[in-house]
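Just so we're clear, the structure is a prediction, and the values are computed from it rather than from any experiment.
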Amino acid sequence: MRSITTFDLQYAHRFYGFQGEAQYLHGHTGQLTIEVEDSIEAGVNMVYPCNEIQKVAWNVLRNFDYALILRRMIRCCRPFWTSTRSRASATDTRRTR
């Protein structure tokens, strides 16, 4: 058996350094469906109360509903188009010293 709840979310974002329409701030409407599957809980007659699923999920989702989502570049996650040539030559000169 399943307990199912659905959320409608609105959010905006853009891709920095991207060429094309996605470089401009734009928004989306998203829908998230959460299904909890298990045996039926006695006394409640459902797997898990849907209002409890909503409370738990909303504690996370409220940070994203009507939010502006921006990606922060961090050193370990450089874009694949970043040149490695300068780093390689710096490494080579260090080895020869």
Side-chain angles (χ1 to χ4, degrees):
M1 196 65 169
R2 295 181 195 163
S3 292
I4 302 170
T5 191
T6 301
F7 292 91
D8 293 316
L9 302 168
Q10 316 293 322
Y11 61 95
H13 74 110
R14 65 176 281 197
F15 295 124
Y16 290 108
F18 184 83
Q19 299 298 316
E21 291 296 316
Q23 70 181 317
Y24 305 109
L25 183 64
H26 62 284
H28 295 278
T29 298
Q31 188 174 66
L32 174 68
T33 300
I34 299 174
E35 297 182 20
V36 178
E37 188 172 308
D38 202 354
S39 55
I40 295 176
E41 189 177 318
V44 183
N45 271 353
M46 57 182 82
V47 173
Y48 196 80
C50 291
N51 62 340
E52 291 300 316
I53 296 171
Q54 289 177 338
K55 286 178 193 176
V56 171
W58 188 247
N59 282 333
V60 174
L61 295 174
R62 68 178 174 205
N63 296 309
F64 298 98
D65 193 29
Y66 289 95
L68 173 60
I69 301 171
L70 299 174
R71 179 183 70 175
R72 188 177 95 191
M73 294 297 292
I74 56 176
R75 188 177 179 120
C76 70
C77 301
R78 290 187 181 162
F80 66 89
W81 62 85
T82 301
S83 173
T84 57
R85 175 172 244 138
S86 61
R87 284 187 280 152
S89 61
T91 305
D92 293 339
T93 57
R94 276 187 243 131
R95 285 187 201 152
T96 56
R97 288 184 194 176

Participant: Is a side-chain donor or acceptor of Asp65 paired with a backbone partner of Arg62 at a separation under 3.5 angstrom?
Facilitator: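 Judged by distance alone, no pair lies under 3.5 Å.
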Participant: Determine whether Phe7 and Ile34 satisfy the following criterion, side-chain contact (heavy atoms from CB on, under 4.5 Å), listing intermediate values before the conclusion.
Facilitator: CA-CA 8 Å; Phe7 292 91; Ile34 299 174; 4.0 Å; yes
Participant: In terms of hydrophobic clustering (I, L, V, M, F, W, Y; side-chain heavy atoms under 4.5 Å; direct or indirect links), are Tyr66 and Trp58 co-clustered?
Facilitator: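 No, no single cluster joins them.
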Participant: Looking at CD of Glu37 and CD1 of Ile4, how far apart are the two atoms once the value is rounded to the nearest 0.5 Å?
Facilitator: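 So the gap between those two atoms works out to 9.0 Å.
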Participant: How far does NE2 of His28 sit from CD1 of Ile69, to the nearest 0.5 angstrom?
Facilitator: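 One finds 9.0 Å between NE2 of His28 and CD1 of Ile69.
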Participant: Answer yes or no: does atom CE of Met1 have more than 12 heavy-atom neighbours from other residues, nucleotides or ligands under 6.0 Å?
Facilitator: no
Participant: What's the spacing between Asp8 CG and Thr29 OG1 if we round to 0.5 Å?
Facilitator: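 Asp8 atom CG to Thr29 atom OG1 measures 8.0 Å (nearest 0.5 Å).
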Participant: To the closest 0.5 Å, what do you measure between CZ (Arg14) and CG (Leu25)?
Facilitator: 7.5 Å
Participant: Which distance, rounded to the nearest 0.5 Å, do you find between the CD of Gln54 and the CG of Leu61?
Facilitator: 10.5 Å
Participant: Can you tell if the side chain of Gln31 reaches within under 4.5 Å of the side chain of Leu9, non-hydrogen atoms only?
Facilitator: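 Of all side-chain heavy-atom pairs linking Leu9 with Gln31, none is under 4.5 Å.
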Participant: Return the NZ to SG distance between Lys55 and Cys50, rounded to the nearest 0.5 Å.
Facilitator: 12.5 Å
Participant: Tell me if the OH atom of Tyr11 is crowded by more than 12 foreign heavy atoms within 6.0 Å.
Facilitator: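 Atom OH in Tyr11 is crowded, with more than 12 foreign heavy atoms closer than 6.0 Å.
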Participant: Any sub-3.5 Å donor-acceptor pair from Glu52's side-chain atoms to Pro49's backbone N or O?
Facilitator: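 Not at all, since once roles are kept as given, no pair shorter than 3.5 Å links the two residues.
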Participant: Taking Ser3 as the fixed residue, which of Asp38, Ile40, Val47 is the one that meets the side chain to side chain contact (heavy atoms under 4.5 Å, CB included) rule?
Facilitator: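 Only one option passes, and that is Val47.
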Participant: Give a yes or no answer on whether the side chain of Thr5 reaches the backbone of Ile53 with a donor-acceptor pair at less than 3.5 Å.
Facilitator: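 Here the side-chain-to-backbone pair does not exist.
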